[in-house]
There are 2 protein chains.
Amino acid sequence: MCDGENRDILIVGSRIAAVVPAGLGELPADVRNAETVDCTGMVALPGFVNAHTHAAMTLFRGVGEDVCFADWIDKIWVEEEKIDEEYIYWATKVACLEMIKTGTTAFLDQYWMPEVAVRAVSEMGMRAVLSYVHLDHYDKARSLRQRQECMKVREVSLAWPDTVSFSVAIHSVYSVSEEQICWAAGYARENGLKINVHLCETSKEVKDCIAAHGMTPVAYLDGLGILGPDVVAAHTLWLDENDIDILARRNVSCVHNINSNLKLASGYRFLYNEMRDAGINICLGTDGCASSNNLDLLEAMKTSAIVQKAWRDDPAAMPLDELLAMATSNAVSALGLDCGRIEPGALADIMIVDTGSSFFLSNAPFLANFIYSAHSDCIDSVICNGRFIMRHRTIEGEKEILSEARKILGRIG
Amino acid sequence: MCDGENRDILIVGSRIAAVVPAGLGELPADVRNAETVDCTGMVALPGFVNAHTHAAMTLFRGVGEDVCFADWIDKIWVEEEKIDEEYIYWATKVACLEMIKTGTTAFLDQYWMPEVAVRAVSEMGMRAVLSYVHLDHYDKARSLRQRQECMKVREVSLAWPDTVSFSVAIHSVYSVSEEQICWAAGYARENGLKINVHLCETSKEVKDCIAAHGMTPVAYLDGLGILGPDVVAAHTLWLDENDIDILARRNVSCVHNINSNLKLASGYRFLYNEMRDAGINICLGTDGCASSNNLDLLEAMKTSAIVQKAWRDDPAAMPLDELLAMATSNAVSALGLDCGRIEPGALADIMIVDTGSSFFLSNAPFLANFIYSAHSDCIDSVICNGRFIMRHRTIEGEKEILSEARKILGRIG
C-alpha cells in the first residue's frame, strides 16, 4: 500500500473483501482456492479515474497540431463527419488500451455513439460513464433529432453492464442552443443521470457569452438552473470570483485538463487554490488525444503540479496527496462510483506499481517518486471490477486492436 | 529515419560509414561479417544530448521536495557534505541507466568528483563532458584548494577515453568569488576547455547581482570577459533585452531546463522566441534529479513546448523540428561534439524508436507522435560511439547498479 505497510488484499467478485496485514494466516475457507498474486516490491493504489475525455479521439492525433482552440475544433468537426460505428468501436478500444497501460480504470466520456463505445469499454473490462452529446449548433432539426437519439440511447443503456452507465453531455454554451441545454439537463434530471459540459475553456468562450447573454458561461448556466451536484464541468479555466462562488454553492465538480489547455494555448492559470478553498470538488482529466495528446493521468498529475507551482510562484502548490485525490477519489465522487479506495466493500479497481526501477530508489515519499520521477510504465498490473485487465503490462487482444485501428485509419485517414 | 524513408545505416567502429536506401544490395567486402539488426517498424534518430545536468544527484530525489530554490539549494549543500567516491560512482551509474533508457547518449555534467564519474560513464558506454565545479562560497582557502584540485583533475583527464572530455564549471555568480570566476575561465581558455555556469536561474539571483554589482549576472560576467562561444549557460530564465543581446553577440549557448524551473517555482517565461531570433544557440537540459525530477529529455521536450505555447498564447510556439534540434544538434554544437546527425562520418550515437505502439498509429508527423503522445519507453535500443548500450530496453548490469545504489542509500540516506 502507499502508506508503506505490507498488506494482503482479498478480492471476492467485483469488490475488495478484506485488507489485512500481510501473511496473517489462512484465507477464509470459502476463498481458499482463490488465485494469489505475489506483490512483493509493489505498491497498490486505487485505479485512476479520468474525469474528462473523448476516448474515440485517440485516432485523431495530428488532425490539428499546433493550432489554437477555435481553429482546432473546426478541423475536428470536419473529421467527425467521416466517422462511423466501426471507427468508434476500434478507436475506443485503442483509448482503453492506453488508459489501462497508464493505470486508469474508469473514465467519464463525452463522445458520439456511446451505444457503440459501450461494447469496446466492457470488452476491455473498464468502468465508464458514457454520455450522449448534445451539440446542435443552434439548428432546430438537429436539436430534435438529438433529443430522439438521446432518449433512444438511454433506453438501450438500461441493458448495459453495471460497470458502464449512461449520462448526458451538453457540449458547451457556444455550440448548443438554450432550449437544447434546458431540455438535456431536464431529461438527465428526470432520469437521475449525470450531466457533463465544457465550461470556460477559453477566454473567447467567456467573452462571447458575455456579449451574447450579458453573463459569464457559469452565471448563464446557473441562470438556466443547470448547475448542481450532478454536473461535471470540464476545464473551468477562465473563472472570476463570482463563478467560483456559484460553482461551489451548486456543488459542481470541476475537471482540470492541463495538457490540452497548454497545448491549445487556451491558458494555464487554473485557479486550483481558490476553487479548492471555496470547497469545489476538483478532478483531473486528460481531454481527448487530439489535443492533449495522450490519456496518461500520471503525466497530467506532474504537469498540473509543476505548472501550478510555477505560475503561482509557490513550490508547495498542489500537494501530492491532493493530486492523487484529484485523479482518484474526487473523480469517484463526481461520477457517483463506489471505487477509488482500497478498503473492504469498495469495488476492486486497483493498479499495482512496480517499485523496482531507479525512480523508487530514494527515500523520498512514494507519491513524490511516483508522480514527479517515474513514468506510467512502472504500472505493472491493473485490476478493474475485481478482474485483471493488465498483467505485467500485457493486455489481451492488443495486437488485434492496433491492427484493426490501422485498417480504419487506412480507410478514413 | 524520421523523414519516413527506409534506409540502411552502416556503422564501422565508432562512426556512421554509410546511410543508403534500404536493401540496396551487398555490404562492402570488408564489413560482410558485420552484425545486422533488423529495424523494420523502427525510426532512427540521433541520440539526445542533455546539455545541463548533475548526474550523481539521481539519489538525492526527495531531499527537497516542494520548496523554493533558495531553501532547496541549502538542503542540497548539507547533503553533499555526506557523499563520497562510492556514492558518486554508483549514483552516476544510476543516472546513466535513466539517460540511456530515455534515449540520451551524451551529456554535459556539472558535479563533484568528475575523476570518479568518468569511470561510471565510460563503463556505461556513454559520451560526456564532465566538469570540475568551482564553488568557493567566497572562502579564500576553498578557492585555492579548488584551483589545485581543478588542475589535478585536468591532468588526470588527459588519460580519459576519447568519449569523455573535461571542462570547467563556475557554479554561479552568487556562489563563486570574482577572483575564482576569472581564474576558472582563464584556466579553461588556456587549456581549450568548455565552461559552464548557472545563469539567471531565479529572479533573486538577478536582483542580488544588481544590488551587489549594479549589473545583471549576464552583464557582470561579460564585464569580466567570461562570456564567449565556449560558454554553456544553464537556465537563462530571467533575461532582459540587453542580456539577450550580450549572449547573442558572445555566441554563448543557453540551456532550457523546464521541469526544474517549474518545480522549484523559479519561473516559466523562458524567452525562447526572443533568444532564437537573436541567434542564440538554445539547448535542452533536465537539470539534476533532485529538482526536475528525472533525466527524461523526451518529457522535457513536451513540457517545454506546451508551456511555451500556453504563456505566449501561441499554439505554434516552439515547433517540433526546433525542439528536436534543441535536444540534439544544438547541444552537439554547444559541447563541441561530432554526433547529433545520422550521416556518414558522424559518430554513431543513435536511438531506435519502436513505432509499434498506439501512439504512432495516426497519420500525424512522426515528431508530433513521438514528442506529444509517446513516452520514452518507445525507445527500443540505443547506440553510442558505435556500440549498443541498450538493446530492447535491456541494459547490461542494471540489477547490480540498483542493488549497489540501495546499499549506498542505506549507508548515507
Side-chain angles (χ1 to χ4, degrees), chain A residues 58-63 65-69 71-72 94 97-98 259 261-268 289 292-294 296 299 302-303 305-307 309-317 319-320 356-359 361-365 368-369 372-377 401-402 405-406 409 413, chain B residues 58-63 65-69 71-72 94 97-98 259 261-268 289 292-294 296 299 302-303 305-307 309-317 319-320 356-359 361-365 368-369 372-377 401-402 405-406 409 413:
Chain A
T58 38
L59 300 185
F60 275 166
R61 285 187 177 112
V63 164
E65 298 293 0
D66 300 344
V67 296
C68 73
F69 180 81
D71 296 341
W72 175 86
V94 172
L97 261 188
E98 294 192 12
N259 282 330
N261 297 157
L262 296 178
K263 184 157 177 280
L264 294 171
S266 300
Y268 57 94
C289 281
S292 72
N293 272 10
N294 62 38
D296 186 344
E299 181 186 300
K302 177 170 182 177
T303 312
I306 63 180
V307 168
K309 292 173 194 307
W311 78 257
R312 303 196 89 96
D313 194 12
D314 174 10
L320 292 161
S357 74
S358 59
F359 300 114
L361 279 173
S362 83
N363 301 318
N369 287 334
Y372 293 145
S373 307
H375 305 101
S376 49
D377 60 356
I401 295 168
L402 297 183
R406 276 188 201 101
L409 280 167
Chain B
T58 38
L59 300 183
F60 275 165
R61 286 187 177 112
V63 164
E65 297 292 0
D66 300 344
V67 296
C68 73
F69 180 81
D71 295 342
W72 175 86
V94 172
L97 260 188
E98 293 192 12
N259 283 328
N261 297 157
L262 296 177
K263 184 158 177 280
L264 294 171
S266 300
Y268 57 93
C289 281
S292 73
N293 270 11
N294 62 37
D296 186 344
E299 182 187 299
K302 177 171 181 176
T303 312
I306 63 180
V307 168
K309 293 173 193 306
W311 80 257
R312 302 196 91 98
D313 193 14
D314 174 10
L320 293 162
S357 74
S358 60
F359 300 114
L361 279 174
S362 83
N363 301 318
N369 287 333
Y372 293 145
S373 307
H375 305 101
S376 49
D377 61 355
I401 295 169
L402 297 182
R406 276 188 200 100
L409 280 167

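The sequence lines fix the lettering, A, B, ..., with proteins before strands; numbering per chain opens at 1.
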Contact origin within Phe359(A) toward chain B - heavy atom pairs under 4.5 Å
both
Quick check on Asp313(A) against chain B: is it the side chain, the backbone, both or neither that has a heavy atom closer than 4.5 Å?
both
For chain B, find which of Glu299(A), Glu98(A), Arg312(A), Arg406(A) contributes the most heavy-atom pairs closer than 4.5 angstrom.
Glu98(A)
Mind ranking Pro365(A), Ser373(A), Ala374(A) by heavy-atom pairs under 4.5 Å with chain B and telling me who comes out on top?
Ser373(A)
OG of Ser376(B) to CG of Asp377(A): how many Å apart, nearest 0.5 Å?
6.5 Å
Under 4.5 Å heavy-atom distance to chain A, tell me which part of Trp311(B) shows up: side chain, backbone, both or neither.
both
May I have the step-by-step check of side-chain contact (heavy atoms from CB on, under 4.5 Å) for Asn294(A) and His375(B), ending in yes or no?
CA-CA 10 Å; Asn294(A) 62 38; His375(B) 305 101; 4.0 Å; yes
Among Ala310(B), Ala405(B), Gly62(B), who wins on heavy-atom pairs under 4.5 Å with chain A?
Ala310(B)
Is chain A contacted by the side chain of Leu264(B), its backbone, both, or neither, given a heavy-atom distance below 4.5 Å?
backbone
What's the verdict on side-chain contact (heavy atoms from CB on, under 4.5 Å) for Leu262(A) and Lys309(B), showing C-alpha distance, side-chain angles and the deciding distance?
CA-CA 6 Å; Leu262(A) 296 178; Lys309(B) 293 173 193 306; over 6 Å; no
Winner by heavy-atom pair count (cut-off under 4.5 Å) against chain B, out of Gly267(A), Ser362(A), Cys289(A), Pro319(A)
Ser362(A)
In short, Glu65(B) meets Ala364(A) closest at the heavy-atom pair OE2-CB, 4.3 Å
How close do Leu409(B) and Leu361(A) get, counting heavy atoms only, and between which atoms?
CD1-O, 3.4 Å
Let me know if Leu402(A) has heavy atoms under 4.5 Å from chain B in its side chain, its backbone, both or neither.
both
Could you give the distance from OG1 (Thr303(A)) to CG (Asn259(B)), rounded to the nearest 0.5 Å?
7.5 Å
For Asp296(B), which atoms come within 4.5 Å of any heavy atom of chain A: side chain, backbone, both, or neither?
side chain
Below 4.5 Å from any heavy atom of chain B, which atoms of Asp71(A) appear? Answer side chain, backbone, both or neither.
neither
So which part of Ser292(A) gets closer than 4.5 Å to some heavy atom of chain B, the side chain, the backbone, both or neither?
backbone
Leading residue by heavy atom contact count with chain B [cutoff under 4.5 Å; candidates Leu59(A), Val94(A), Val67(A)]
Val67(A)
Looking at every heavy atom in both Pro315(B) and Cys68(A), which two are closest together, and how far apart are they?
CG-N, 3.1 Å
Contact check, side chains of Asp66(B) and Tyr372(A), non-hydrogen atoms, under 4.5 Å
yes
